[in-house]
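Read the structure below first, then the notes.
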Amino acid sequence: MITTKVNLKTKDLKSEVKPIWCPGCGDYGVLNSVFRTIIDLKLDPSHVAVVSGIGCSGRFPAFVNAYGFHGVHGRALPLATGVKLANPDLTVFVVGGDGDAFSIGAGHLPHAARRNVDLTYVVMDNSIYGLTKGQPSPTSPVDVAVDSMQRHKGRRKGMAGMLRLAQADKPVNPIALALGYDASFVARGFSGQPRVLNEILKTAVLHSGFSFVQVISPCTTFYNTYDLWRETAEPLPEEHDASDRAAAFQLALEPGRRYTGIFYRHERPSFEDQVARLVAEPTDAAAPAAISGLLEQFRR
Amino acid sequence: MITTKVNLKTKDLKSEVKPIWCPGCGDYGVLNSVFRTIIDLKLDPSHVAVVSGIGCSGRFPAFVNAYGFHGVHGRALPLATGVKLANPDLTVFVVGGDGDAFSIGAGHLPHAARRNVDLTYVVMDNSIYGLTKGQPSPTSPVDVAVDSMQRHKGRRKGMAGMLRLAQADKPVNPIALALGYDASFVARGFSGQPRVLNEILKTAVLHSGFSFVQVISPCTTFYNTYDLWRETAEPLPEEHDASDRAAAFQLALEPGRRYTGIFYRHERPSFEDQVARLVAEPTDAAAPAAISGLLEQFRR
Amino acid sequence: MSSNHDSLAIRMGGESGEGIVTIGEVFVRVAARSGLEVFTFRTYPAEIMGGHVVYQARIGRDRVLSDGDEIDALVALNEEAYEKHIGELRPGGTLIYDSGTVHPPDDGHDHYPVPVTEISQQLDFSRGKNLVMVGALVGLHGLPMERAAEVVTSRLGKYEALLPKNLESLTRGLNHVREHFIDRLPPQLDPPPGETPERLIMTGNQAAALGALAAGCRFYSGYPITPATGLMEFMAQNLPPLGGKVVQTEDEIAAITMAMGASFAGAKAMTATSGPGFALMVEALGHASMTEVPLVVVDVQRAGPSTGMPTKTAQADLFMALYAGNDEAPRLVLAPDSVEDCFYRMIDAFNLAEAYQMPVVVLSDQAMSARVETIPDIDLSSIKLVDRLKPEPNESDNGGYRRYELTESGVSPMAIPGMPGMFYTAEGLEHSEKGAPDYTPEMHRAMTEKRHRKVDAARQLIQRLPVSDRWGDPKAEIGIMGWGSSKGAVREAMERVEASKIRVEAFYTRSLIPMPDELVRSFLKGKRAIIVPELNYRGMFANVLEHRYSREIVHNGIRIIHLPKYDGLPFRPVDICRAVHRAAIELMDGVFKEWEPGC
Amino acid sequence: MSSNHDSLAIRMGGESGEGIVTIGEVFVRVAARSGLEVFTFRTYPAEIMGGHVVYQARIGRDRVLSDGDEIDALVALNEEAYEKHIGELRPGGTLIYDSGTVHPPDDGHDHYPVPVTEISQQLDFSRGKNLVMVGALVGLHGLPMERAAEVVTSRLGKYEALLPKNLESLTRGLNHVREHFIDRLPPQLDPPPGETPERLIMTGNQAAALGALAAGCRFYSGYPITPATGLMEFMAQNLPPLGGKVVQTEDEIAAITMAMGASFAGAKAMTATSGPGFALMVEALGHASMTEVPLVVVDVQRAGPSTGMPTKTAQADLFMALYAGNDEAPRLVLAPDSVEDCFYRMIDAFNLAEAYQMPVVVLSDQAMSARVETIPDIDLSSIKLVDRLKPEPNESDNGGYRRYELTESGVSPMAIPGMPGMFYTAEGLEHSEKGAPDYTPEMHRAMTEKRHRKVDAARQLIQRLPVSDRWGDPKAEIGIMGWGSSKGAVREAMERVEASKIRVEAFYTRSLIPMPDELVRSFLKGKRAIIVPELNYRGMFANVLEHRYSREIVHNGIRIIHLPKYDGLPFRPVDICRAVHRAAIELMDGVFKEWEPGC
Ligand SMILES: Cc1ncc(C[n+]2csc(CCOP(=O)(O)OP(=O)(O)O)c2C)c(N)n1
Ligand SMILES: Cc1ncc(C[n+]2csc(CCOP(=O)(O)OP(=O)(O)O)c2C)c(N)n1
Ligand code: SF4
Ligand code: SF4
Ligand SMILES: [Mg+2]
Ligand SMILES: [Mg+2]
């Protein structure tokens, strides 16, 4: 983690590109929290990389004055793993939506988690596909059709059919999932509670290893759950021991409870460190001596 | 589930194609258990479909006298979902390796589980890539290099490098994973214990919904764990309540314990049933009346 | 007066997507119901909500085939719309605007201020603004009020309580223009005399989805992606009531493989996507080809590469559709060339998939998928459906069934799970006739030829289907060849070019694999230059022609003139006209002059 | 005596993969160490372990370029091997067999029974059977015992306790043949006189991996797949000690995207796969093209389609490499044509990727990747490496940096994360020079042209690199054109054809995008027929030629003769000879006779 002595302000971190998000979108809150995290931890923006997939949330990197990689849909995690491994000095944020993370990208999450790459993965979960205009996502509750019919503005006939069909799919539980994967840091925040979210993100960045942070980031246009979360979100019970994975799992399953906070954390060596142990000091590009040594093995 | 009155014998179920597996491979045991399951449940082979991905284990369908679909690597679950939805009368087995299931196919498992399609998914887990000759898989323990160096015969230099690197990856825990996904039936068997395995498979087929069965099926050529499992496998504690997901999770995490049996089961409506609720009776192919009704909506 | 009395292009622009789109959608339906033909175009804002939007409606007495070249009327709902588009309004064109928000200078156009904001304030119903403008448009273009009221009632009728206010807004807009501009109405388009022909009004995605339903599709799996999402949403709404199943999958790989599973189990199945999703399907497409599973895959092309410009159009997935796959995985490729054609090509696609037991790719595009067109009525009774060849059930012949039997046509009977005694495994490894893995050189040769033989069989068939169109002057030395949705602009350009005495003939194919070779060869006879308009950079179809017909082309000294366009927008007739004129000048030693608008 | 005194093809066949392969691997190394050149071929059994295996070694005094046409010697370890292969042994060829297990009839061949089983029983060391046979082969071919002992010691030395027994087995095999057959040894290949030139002996996968290392590759991510796995395993073994990183990813999509991330962060990065994996990479490949990230992707082609025949060879991913992708995503495509060439093309690939900031696909194939060849020594000091263009660090110029600056060559300076003040986002949406999303028609046009301009720049460069080979009679009217690993068979065929007085010239390109156009055009001059040998059905490279050089081809009446082969096996020289003779007969009105073996 490379830090700076400069006192950064939010305006230093805002890029020229104006967010395309709808007014009130939860993603603004997440963007601000990431700014706050960089400022508070005094991260040097030249050593920050923000990697994303596709979605409203995936547009994120362009809005930050740092290095960014806007990946294709669902591939943010392997992309970011490559970035981090090739340049371990960078602090790498991975950001994206619930569709990006749990649907098309679902095959990468268990592997980033088990490898324990030192990434901070911020899943901006709005329980809907925002960018493609309102289809159900893997975290859409089964009553999403009813719910979002009542709430969202952009109602379209076809989508109603989509949403109705979604009733056949039980939603995934991102926290339970991440615990199943043995992610070494598992937390939930809510973009409507910036203070809590800032704390979580800071801890996540400082955690050496893979941090999974589900951030409830409501979609004001297609599925506005601000009120629901404002009314029902509650901190994890104080007595919860965040090193107890099974207890965390139990809390994740508790019906009707909407906890925020750190469910689980457990330090173990990061992938980069493990790989570094297995790898020699980098040699310069040509490394003729080493290569010619290798060639010797093939001499007839 | 369509059954037959005929008393089937194993030889009726064996196809003309001779298994290409190595002598002693665990997959033979799994094949026999599937034969046993079909016989015991009196399934009509004409209404059985066996769907697989790629791997030694993926060769399975060709060995069974039933309908089969040998899919590409990692896609057995969506392939099988299509089969089952289009023809709910079929009993569908999905078979494949740990690489197929947890590596390249890892993105499909959470969705088959949450949809609760009525499939019996038999993951033949040998903690190694058999068909490609011995690379580590997502379930390879971190000491796979040491282990398999001592045990397996086909040692090759390059692979040693592969296996050494695998030490940076913590293995996935398939049972914990499946519980995280809320699969409605989660069990573990061992191909070296046919009696237990038969029981599990029968229960799995009878379970209406998605059944996830991890079967330890050792690779005698590249990573022989027969002795390990023979010596240490133990039944789940009798007092375990299989309807308690959190308790099941706890058991899955218990260090050093190798339980077999049914960790979790919980009946909820299957995907087909849910979809059927949302769908009308099938109309015949042309359905001109219905279509012309639709066209009316577009008349100017 | 318009330079073209038979059609009018009306562009509406303003902030806030929904408003403009509502005005446009209601207005074109009123026009259609009044007996006119319509053809629309719209843009999408960079922002998810809000942002500047254009809805363009071209309306005409006869079938409208393209967006046209310039706009006859501009409807500006805010200053930005005026600024952005006034430059494209034809000289002396019609400017209609909300006089409460737009204050245009005297710019030489015919001005029609409408106090939209004021009227809606008077009604204390700001949501009715859009309808005030619709009323004004209806009045200015002389369309019947009753038709407008019908459309508003049927489209907005579900908000019953608001209906009176909505209708009142409409009427007030209409009355305003009747009162103020009755003596100087803009160019009018009287519906053609006689009985109004039956027309349907729909988008390309809707037409394709309806075609799939009519073709007997009973399984749809897909993953949302612009601009193919509309197709999935239509299926989600309309397939289940027909007893079919729709699944929104976790990704495109699951979408295509799930459809393959369903097809294997006996259902006519499809998926639809756009370029990035299609790219993910390449492996499975080869698997469908190898296992000989009937399958329809629609690719609604968008401008790329990579994520590119999801809301812009292109015809640049052609190579991917034709060639993508490891090793050689035969497939058929169709390309509808209009909204109407989307319906019929989907019927062909399912029929071909069933007949030849292989994947059929249908190439649509963003512009065609999203635009609204009036199309002739569809006669469902004329549609013939094909089902896959199945083996004779023969329970006693256990083990004798050969799924991949080497037949003359390459097509072998396909058993459906549930049939007694016809066990086989659909095999992605190279296999014997029975489907058992077999890597012998002889078997790989035989099966490779079998798979390709099916394309040859389809090639025979395709010559007899309406998979190509040839029109214009058969004696022409200048030809135009193309595929897909650029056809409308070419048709329109041809009419104009013919009027200017240049002889030209056109050939469009709707089948890209197989190509209707005989018809192409006969078209090439006597041509000296062929213009190939394509929405891509390198001229993919031109490449196909140059390779496939190189002998005819070079022997006869035919010049292939690439007309590439790669800006995300469809062709305009003027682009084609220009190219024809340039070709004519070169061929005829300057007899013809450089093309000028109006010709 | 052999019909060809300069080389011998020895085929070994038997049950149990490992045994045969050990015999072959040890024997070819002994031959190489003795100053001979080697070129191998092997098959893979259907079973995972056990099953029939062939290891074929062609050894020669000069460089061996192909597997040859027929076999000079058969080594049969069991009856099956005798039955399977005796038909391919040339008349009067050498038959060597384990007299304990094989009992051949009198078949007209020269028989060399070796009591392998018996000897190993005498030594009470059944694991030494293979070495008994190696000893016999060494003795029969007059190779020096010391070389054999060296090879055995270095390869099996790690089982130290067993070494004496291994060496004893070797000696006993050798002694047996010396005692029994000294007066009737089979054809001998004396190493060429003079100093033995330096040679390396390795497979195509090893050569490619070594090339990558020498090119500065410091990141490898991949997913196992036959026949590319060897490349990954080599990297896993050898890249970490150089300070590079290797990740076995969860799938091929992760493999390519992880390599892209590493490249973005500054490392020279690659992945390798085979057809099915490459198919999965298509979307990401377009993303690399769009974001302009340097990247090397090796596709070791195998026979397909779909899962196909993983252990068989083909050259049928060409179209996928050239064209796959949604919309137009420029990439470069190279194809090494020998094991040696695998090394040098990887250097080019990394250099081109860095120079033009785009993906470079390298097409190898199963046969080349797995075979062992002796290759000339590599002079590392002659290798020049290229690094990507980077911007001048300019901290104060915050916000001024334009990652996608529109330059003349299309190449723009690429900042590496960590550089102060050069923030940018690598953007998969269409973008402005600064990388901000931008969908305007002007920008899409400009960026499309920029991306393609880099290929044009590479085209200029490529004419000056050794990316093509032209040899034979420049006055010939018959040409052979091709790419990839078929070159060796063509070289060998050319020598024979020239001996039969038919004039022929050949052109092989190692760069498929861009094509070395000037060189091709100059080659085409004066040709009347061009034979295009390809391991695919439809003639993909022939298609490329026909499209790209249609004018030259048709104007000059050049016949393009597809020579397709699609049986999973590499070309033999005889296949090429036959095609040349057929062409010669047709061109020369029957002056030449149909080709017969021996010509
Ligand atoms: C391969 C591919 N498939 C589909 C899409 C279309 N697509 C873009 S974003 C998106 C999902 C967006 O949902 P989510 O990830 O939850 O992000 P949000 O917009 O809600 O922030 C989809 C399906 C795509 N761009 N690429
Ligand atoms: C797309 C693709 N990538 C890679 C491969 C190569 N491959 C075949 S099987 C396999 C893994 C086998 O391991 P597992 O799934 O555990 O099955 P097992 O052989 O151990 O039964 C791989 C990587 C392939 N066939 N297709
Ligand atoms: S659509 Fe929803 S998620 Fe997307 S920007 Fe708007 S509010 Fe945010
Ligand atoms: S390699 Fe292993 S998994 Fe494969 S068949 Fe042999 S023993 Fe079984
Ligand atoms: Mg979302
Ligand atoms: Mg395995």
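Basis for what follows: all heavy atoms, side chains included, without hydrogens, waters or symmetry-related copies. All chains are named by letter (A, B, ...) in the order of the sequence lines, taking the proteins before the strands, and each is independently numbered beginning at 1.
Heavy atoms closer than 4.5 Å to chain B are found in both the backbone and the side chain of Ile201(C). Contacts of Arg29(C) with chain B are absent, with no heavy-atom separation under 4.5 Å from either backbone or side chain. For chain B, the nearby parts of Thr196(C) are the backbone and the side chain; heavy atoms of each come within less than 4.5 Å. Both the backbone and the side chain of Val72(B) have a heavy atom closer than 4.5 Å to some heavy atom of chain C. Looking at Tyr424(C), both its backbone and its side chain come within 4.5 Å of chain B, counting heavy atoms on both sides. Of the atoms belonging to Val151(C), not a single heavy atom falls under 4.5 Å from chain B. At a 4.5 Å heavy-atom cutoff, the contact between Pro45(B) and chain C is made by backbone and side-chain atoms alike. Neither the backbone nor the side chain of Val246(C) comes within less than 4.5 Å of any heavy atom in chain B. Proximity to chain B (any heavy atom under 4.5 Å) is restricted, for Thr291(C), to the side chain, taken from C-beta onward. Proximity to chain B involves both the backbone and the side chain of Ala254(C), based on heavy atoms less than 4.5 angstrom apart.
With chain B as partner, the option from Ile416(C), Leu239(C), Ile383(C) having the largest number of non-hydrogen pairs under 4.5 angstrom is Ile416(C). When the candidates Ala49(B), Gly71(B), Ala62(B) are compared by the number of heavy-atom contacts under 4.5 Å with chain C, Gly71(B) comes out ahead. Interface remark: of the candidates Asp251(C), Leu380(C), Val38(C), Leu380(C) forms the most heavy-atom pairs closer than 4.5 Å to chain B. Ranked by heavy-atom pairs shorter than 4.5 Å toward chain B, the options Pro197(C), Ala269(C), Gly266(C) are led by Pro197(C).
Sorted by first then second residue, the side chain to side chain donor-acceptor pair (under 3.5 Å) pairs that include residues 71-81 of chain B, not counting sequence neighbours, are His73(B)-Asp100(B), His73(B)-Tyr223(D), Arg75(B)-His108(B).
Residues Asn87(B) and Pro417(C) share a closest heavy-atom pair of ND2-O, 3.3 Å. Residue Leu90(B) comes nearest to Gly418(C) through the heavy atom pair CD2-N, 4.2 Å, listed as atom of the first residue, atom of the second, then distance. Contact detail for Lys245(C) and Leu85(B): the closest heavy-atom pair is NZ-O, 2.8 Å. When every heavy atom of Pro420(C) is checked against every heavy atom of Ser46(B), the shortest pair comes out as CA-OG, 3.2 Å. Ala86(B) approaches Ala265(C) most closely through the heavy-atom pair CB-CB, 3.9 Å. The shortest heavy-atom contact between Val17(B) and Ala436(C) is CG2-CB, 3.8 Å.
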Requested in this report: Apply the test side chain to side chain contact (heavy atoms under 4.5 Å, CB included) to residues Thr249(C) and His111(B): give CA-CA distance (whole Å), side-chain angles for both, the deciding distance (0.1 Å), then the verdict.
Outcome: CA-CA 8 Å; Thr249(C) 54; His111(B) 298 282; over 6 Å; no
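Side chain of Arg300(B) to backbone of Leu36(C): a donor-acceptor contact under 3.5 angstrom is found.
The environment of NZ in Lys202(B) is crowded: more than 12 heavy-atom neighbours from other residues, nucleotides or ligands sit within 6.0 Å. In this structure, Lys42(B) places its NZ atom where more than 12 heavy-atom neighbours from other residues, nucleotides or ligands lie under 6.0 Å away. Remark: Glu195(C) CD is loosely packed, at most 12 non-hydrogen atoms of other residues, nucleotides or ligands lying under 6.0 Å away.
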Could you give the side-chain donor-acceptor pairs of residues 204-214 of chain C under 3.5 Å, partners two or more places apart or in another chain?
{"from": "Asn205(C)", "atom 1": "ND2", "to": "Pro227(C)", "atom 2": "O", "distance (Å)": "2.9"}
{"from": "Gln206(C)", "atom 1": "OE1", "to": "Thr203(C)", "atom 2": "N", "distance (Å)": "3.0"}
{"from": "Gln206(C)", "atom 1": "OE1", "to": "Thr203(C)", "atom 2": "OG1", "distance (Å)": "3.4"}

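Side-chain contact between Pro437(C) and Arg59(B) is present, with heavy atoms from C-beta onward closer than 4.5 Å. Inter-residue side-chain proximity for Val247(C) and Val275(B) is flagged as unmet; no heavy-atom pair is nearer than 4.5 Å.
Ring orientation note: the planes of Phe298(B) and Phe234(C) are tilted relative to one another, at an angle of 30° to 60°. Using the six-membered ring where Trp is involved, His287(C) and Phe69(B) have ring planes that are tilted, between 30° and 60° apart.
With rounding to the nearest 0.5 angstrom, the OG1 atom of Thr374(C) is 13.0 Å from the CZ atom of Arg299(B). For the atom pair CD1 of Ile104(B) and CD1 of Ile253(C), the computed distance is 7.5 Å after rounding to the nearest 0.5 Å. Of the inter-residue distances, the one linking Ile54(B) atom CD1 with Leu429(C) atom CG reads 5.5 Å to the nearest 0.5 angstrom.
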